[in-house]
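Please read the structure below before turning to the comments.
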Amino acid sequence: MTPTHFGIALAIAATIIEGFAQVFLKKASLASTGKGSWRLLGFACFGGEALVYSWSLRYLAVSVAFPLGSLSFVAVTFLSQSILRERVDRMRWIGIVCILVGASLVAGRA
């Protein structure tokens with residue numbers, strides 16, 4: 001694995017962690033009890049995401065890493081659908097495909 005590929009993997013991992021952070025904060029807003037635990041988990045994930053993303057910057061140009069951050073929209077969509085049972089309409093799926101295409105173009109030229 002090249003350093004660039006490692007940086008891309010780290011950037012993608014950061015977006016997945018951020019997706020979980022968003023879902024945990026949503027669970028905190030919906031919970032009748034235990035809000036603090038969900039909130040703490042969400043904030044911890046945001047902290048972890050910042051560390052992993054910063055680590056990815058050692059291997060990637062910001063002009064590559066930052067657009068890959070758009071994959072967090074993809075992660076949040078999948079996680080909110082599977083964990084929170086939110087409905088995702090067709091137009092959002094089209095948007096997700098566009099994000100995936102764009103991120104692939106950026107990563108492919110890194």
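Only heavy atoms go into these numbers, but all of them, side chains included; no hydrogens, no water, no symmetry mates.
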**OP:** Flag yes if Val97 and Val106 sit in one hydrophobic cluster, no otherwise; membership is Ile, Leu, Val, Met, Phe, Trp, Tyr, and two members link when side-chain heavy atoms are under 4.5 Å apart.
**Re:** no
Original post:
Can you check side-chain contact (heavy atoms from CB on, under 4.5 Å) on Val74 and Leu100, steps first, answer last?
Top reply: CA-CA 8 Å; Val74 177; Leu100 289 171; 4.1 Å; yes
Original post:
Considering all heavy atoms of both residues, which atom of Ala11 and which atom of Leu68 are nearest to each other, and what is their separation?
Top reply: CB-CD1, 4.1 Å
**OP:** Using the side-chain contact (heavy atoms from CB on, under 4.5 Å) rule, pick out the option among Thr2, Thr4, Leu10, Ile8 that qualifies with Tyr59.
**Re:** Leu10
**OP:** Please report the closest heavy-atom contact between Val52 and Ala13, naming both atoms and the distance.
**Re:** CG1-CB, 4.2 Å
**OP:** Any chance you could measure Arg39, atom CZ, to Lys27, atom NZ, to the nearest 0.5 Å?
**Re:** 14.0 Å
Original post:
Looking at Phe6 and Met1, what are the two nearest heavy atoms and their distance?
Top reply: CA-SD, 3.6 Å
Original post:
Looking only at heavy atoms, which two atoms of Cys45 and Ala21 are closest? And how far apart?
Top reply: CB-CB, 3.5 Å
Original post:
Is it the case that one hydrophobic cluster holds both Phe24 and Phe46, taking links as side-chain heavy atoms less than 4.5 Å apart, direct or via other members?
Top reply: no
**OP:** Indicate the atoms forming the closest heavy-atom contact of Lys26 with Glu86, along with that distance.
**Re:** CE-OE2, 3.7 Å
Original post:
How close do Val76 and Gly19 get, heavy atom to heavy atom, and via which atoms?
Top reply: CG2-CA, 3.7 Å
Original post:
Around Phe73, counting heavy atoms of other residues, nucleotides and ligands shown, do more than 12 lie under 6.0 Å from its CZ?
Top reply: no
Original post:
With sequence neighbours left out, what residues match Ile16 under side-chain contact (heavy atoms from CB on, under 4.5 Å)?
Top reply: Ile12, Phe20
**OP:** Give a yes or no on whether the backbone of Ala31 and the side-chain of Lys35 come within a donor-acceptor separation of less than 3.5 Å.
**Re:** yes
Original post:
Do any N or O atoms from the side chain of Arg109 and from the backbone of Val64 form a donor-acceptor pair under 3.5 angstrom?
Top reply: no
**OP:** Kindly work out whether a path of hydrophobic side-chain contacts (I/L/V/M/F/W/Y, heavy atoms less than 4.5 Å apart) joins Leu40 to Leu51.
**Re:** no
Original post:
For the hydrophobic clusters of this structure (ILVMFWY residues joined by side-chain heavy atoms under 4.5 Å, transitively), does one cluster hold both Leu71 and Ile83?
Top reply: yes
**OP:** Assess whether side-chain contact (heavy atoms from CB on, under 4.5 Å) is satisfied between Ile17 and Tyr53, documenting all intermediate values.
**Re:** CA-CA 10 Å; Ile17 296 168; Tyr53 179 76; over 6 Å; no
**OP:** Enter the distance from Gln22:CD to Leu79:CG here, rounded to the nearest 0.5 Å.
**Re:** 10.5 Å
Original post:
About how many Å separate CG of Leu25 and OG of Ser29, when rounded to the nearest 0.5 Å?
Top reply: 8.0 Å
**OP:** Apply side-chain contact (heavy atoms from CB on, under 4.5 Å) to Ser63 and list each qualifying residue two or more places apart in sequence or on a separate chain.
**Re:** Ala61
**OP:** Indicate yes or no: at least one non-hydrogen side-chain atom of Trp93 is less than 4.5 angstrom from one of Arg90.
**Re:** no
Original post:
Using the benzene-type ring in the case of Trp, are the ring centres of Trp38 and Phe43 under 6.0 Å apart?
Top reply: no
